[in-house]
Amino acid sequence: MEDRLRLRKYVLVWLLIVLHSCYFASCGNATVDPKNSRVWGPGVEMPDRATLPARYFFIEPRDADNQKINESQKYDIHIIGQSRFGSCRYRLNQIDRHDGSSIVRYRLAESCSDVTIHVRHNEAHLTGSPFAIPGTLYSEQCYCPQGSVEEWLETVGCPAGDPQIDMDLIPFRAINFSSLRTRMIQQYDKPGSISHCNYVILRNQVHRRCYGQHTGFSKFMDTILLSLARKFTLPDMEMFVNLGDWPLVKKGGPSRTTGPYPIFSWCGSDDTFDIVMPTYDITESTLENMGRVMLDMLSVQRRGLPWADKHAKAFWRGRDARRERLELVALSRRYPELLNASLTNFFFFRDEESEFGPRVAHISMHEFFDYRYQVNVDGTVAAYRLPYLLAGSSVVLKQDSFYYEHFYRKLVPMRHYIPFEADLSNLVQQIEWARENDEKAREIRDNANAFINANLLPLDIYCYHALLFKEYAKYIVSPIQVLPGMEKIEQPEETYHCPCERTTLPRDEL
């Protein structure tokens, strides 16, 4: 009996010691130091200048020794301001990333003034909070162009140049649409296979005429041009935009004598001259951030499984857009311990569904990251999912390809992704390398995440479009005029119901 009492006392004392230690040391979790923790990003540093559909900023918790804290945190965030309806109305959410930091984004219902942004942790303001914002925070729907494109680029801190833009514009130093336009329209007058639009931007108004049977994708170009025009005065320019996946302007052939045609496309290739823009997919996710689009370059960074809990194999899902995708499924069956790959739809190779099927259900891309390694294989052209894979919590294995998006030129193999041959011949070897070099694989994943946050977040997509159009417009030598048959693309009516402090052009001059 005495031994039992003595044991009970010993256990109670031990528990008291543990509880006492946990109280002061947070049971192994470091305590957030508000003064050392960082809050930064366009949503707190320049929300009055960088008018975005959803503004955003970052929080990095640090302890008293200024060491980064990797555990998830919750923050109390409030935006206080005045609108024409009273208190500022907004939607806000916190995205918990896999490294301890968080992204906070907010979407304004209308323009607000006298704004302060309060960021607290355990009732204590983090460094810089409350952030007092001078001037007015305009809703993204406000038509309030603030100066020229050059002024806007400088004001929001966009890069001064980009290697892809420089490369794309080399062949186009004197663009004369007076002599090119008719030939371009005739060259690509193939309604069953090619759709394109001729745009004219004049005095910050957007006009276009489209050619081809399938011109619905013009909505993406319309929307980004109108959104840019609400922020600054676009340069007067004329342009042709390819609405299909494949780039159009082949090297060699007629281009040797006539010169290449200046056509904008969402995808480029080593054997074409097309001027590359951010894809319609990443552009839409930028414009619809916190809107109807559920996946974007911010939300895809939401916390997933810890690395140690992920399946130690590669993952892929997609449709049968290319023969290599069928071969990927075949590899998965030969090496199931290394690769999980299945097709979600058959269109191009329907007669081979019995061999490479059955089809599997679509899943959310967030579930992709239950696996440590993500395989990126071309579709009809470049696989437009690559930005999302690079932003996630897994490491990317990317197929060598002569197709590219606007940012590929800045990616470095074995720094931002693990490359494999176009014919998949060394894919298994590269997966095995990743498994055997776990620390290096995680470093590549972290480098990819940093690349995304430096190059492909919403403000970066606006910057690229603005810089591209600014540089391109310099080389047009023909007069800019609205052409017969062109349709004016109107701004939504509500865009004018805003308290603009100044605009580049009064509405009655537009």
### Message
Give me the atom names and distance for the closest heavy-atom approach of R325 to A383.
### Response
NH2-CB, 4.2 Å

### Task
Please confirm whether the backbone N or O of G318 pairs with a side-chain atom of T344, one donor and one acceptor, at under 3.5 Å?
yes

### Task
In sequence, state the C-alpha distance, the side-chain angles, and the governing distance for D236 and R203, and then conclude on salt bridge (charged side-chain N to carboxylate O under 4.0 Å, His left out).
CA-CA 6 Å; D236 291 346; R203 294 182 64 77; over 6 Å; no

### Message
Can a side-chain donor-acceptor contact be found between D222 and Y199 if the only test is distance below 3.5 angstrom?
### Response
yes

### Query
For the atom pair CG (N198) and CZ (R181), what is the distance rounded to the nearest 0.5 Å?
6.5 Å

### Query
Given the rule in the side-chain contact (heavy atoms from CB on, under 4.5 Å) test, do L457 and I452 qualify, once you have shown the distances and angles that lead to the verdict?
CA-CA 7 Å; L457 295 191; I452 291 297; 4.2 Å; yes

### Task
Say whether, by atom type as modelled, one donor and one acceptor occur between the side chain of N426 and the main chain of E421 under 3.5 angstrom.
yes

### Query
Given side chains that start at C-beta, do those of M277 and F220 come closer than 4.5 Å, heavy atoms only?
no

### Query
Side chains of S101 and D99: donor-acceptor distance under 3.5 Å anywhere?
yes

#### Entry: S269 and D271: CA distance, side-chain angles, deciding distance, side chain to side chain donor-acceptor pair (under 3.5 Å) verdict
CA-CA 5 Å; S269 64; D271 62 348; 2.6 Å; yes

### Query
If you take all heavy atoms of I95 and Q301, which pair is closest and at what distance?
CG2-C, 4.0 Å

### Query
Is there a donor-acceptor contact under 3.5 Å from the side chain of D274 to the main chain of V276?
no

### Query
Nearest heavy-atom pair of P145 and T233: which atoms, and what distance?
CB-N, 4.1 Å

### Query
Crowded around K474 NZ? As in, over 12 foreign heavy atoms under 6.0 Å?
yes

#### Entry: Approximate separation, where rounding is to 0.5 Å, of F240 CZ and Q187 CD
12.0 Å

### Query
Nearest heavy-atom pair of G41 and F58: which atoms, and what distance?
CA-CD1, 4.3 Å

### Query
Is the closest side-chain heavy-atom distance between L343 and L326 below 4.5 Å?
yes

#### Entry: Check: Y106/R55 side-chain N/O donor and acceptor closer than 3.5 Å
no

### Query
Does the pair E140 and K231 meet the rule for a salt bridge (charged side-chain N to carboxylate O under 4.0 Å, His left out), with working shown?
CA-CA 8 Å; E140 205 280 330; K231 296 166 179 54; 2.5 Å; yes

### Message
Strictly under 2.5 Å separating the two SG atoms? Check that for C142 and C500, please.
### Response
no

### Query
Quick one: do the E150 and S148 side chains pair a donor with an acceptor below 3.5 Å?
yes

## Note on the structure
Correct closest heavy-atom pair for N242 and S195 would be OD1-O, 3.8 Å

### Query
Is it true that a side-chain atom of T116 and a backbone atom of A132 form a donor plus acceptor pair closer than 3.5 Å?
no

### Task
Apply the test salt bridge (charged side-chain N to carboxylate O under 4.0 Å, His left out) to residues E352 and R323: give CA-CA distance (whole Å), side-chain angles for both, the deciding distance (0.1 Å), then the verdict.
CA-CA 11 Å; E352 299 184 55; R323 168 62 64 180; 2.6 Å; yes

### Task
Would you tell me whether C463 and C158 have their SG atoms within less than 2.5 Å of each other?
yes

### Query
Is the closest side-chain heavy-atom distance between R317 and E367 below 4.5 Å?
no

### Query
Picking from V375, L424, L397, what satisfies side chain to side chain contact (heavy atoms under 4.5 Å, CB included) with Q430?
L397

### Query
Can you check whether P413's main-chain N or O pairs, donor with acceptor, with K398's side chain at less than 3.5 Å?
no

### Residue pair F348 / R322, side-chain heavy-atom distance below 4.5 Å
no

#### Entry: Test applied, ring pair (Phe, Tyr, Trp, His ring centres under 6.0 Å); reference residue, W266; option that passes from Y280, Y404, Y403
Y280

#### Entry: Flag if over 12 foreign heavy atoms under 6.0 Å of CE, M167
no

### Task
Given side-chain contact (heavy atoms from CB on, under 4.5 Å), test Y417 with F451 step by step and report yes or no.
CA-CA 11 Å; Y417 65 90; F451 176 89; over 6 Å; no

### Task
Check whether any side-chain heavy atom of Y56 sits under 4.5 Å from a side-chain heavy atom of N289, and report yes or no.
no

### Task
Output, in order, the C-alpha distance, side-chain angles, deciding distance and verdict of side-chain contact (heavy atoms from CB on, under 4.5 Å) for E324 and D378.
CA-CA 8 Å; E324 288 86 348; D378 283 348; over 6 Å; no

### Query
Heavy-atom distance under 4.5 Å between the side chains of F172 and P260, does that happen here?
yes

### Query
From Q374 CD over to S393 OG, what is the distance, rounded to the nearest 0.5 angstrom?
8.0 Å

### Task
Answer whether the closest heavy-atom distance between the side chains of Q164 and Y464 falls below 4.5 Å.
yes

#### Entry: Polar side chain donor-acceptor pair, H406 to D162, under 3.5 angstrom
no

### Message
With a 3.5 Å distance limit and no angle check, can you tell me whether D400 reaches the backbone of A422 through a side-chain donor-acceptor pair?
### Response
no

### Task
For S111 and C498, indicate whether the former's side chain and the latter's backbone hold a donor-acceptor pair under 3.5 Å.
no

### Task
Would you check if the side chain of T215 reaches a backbone N or O of G212 as a donor-acceptor pair within less than 3.5 Å?
no

### Task
State the CE-OH distance between M290 and Y90, to the nearest 0.5 angstrom.
11.0 Å

#### Entry: Pair R319-F346, side-chain contact (heavy atoms from CB on, under 4.5 Å): steps then yes or no
CA-CA 6 Å; R319 62 174 185 150; F346 282 84; over 6 Å; no

### Query
Nearest heavy-atom pair of Y472 and M239: which atoms, and what distance?
OH-CA, 3.6 Å

### Task
Measure the acute angle between the ring planes of Y188 and Y261, then classify it against the limits of 30° and 60° as parallel, tilted or perpendicular.
perpendicular

### Message
Closer than 3.5 angstrom, by distance alone: can the side chain of D114 be matched with the main-chain N or O of Q82 as a donor-acceptor pair?
### Response
no

### Query
If we only count heavy atoms from C-beta on, is the P458 to R105 side-chain gap below 4.5 Å?
no

### Query
Taking N449 for the side chain and L390 for the main chain, is one N or O donor matched with an acceptor at less than 3.5 Å?
yes

### Summary
Distance col, row D460:CG vs N453:CG, nearest 0.5 angstrom, shows 9.0 Å

### From Q481 atom CD to F177 atom CZ, the distance as rounded to the nearest 0.5 Å
12.5 Å

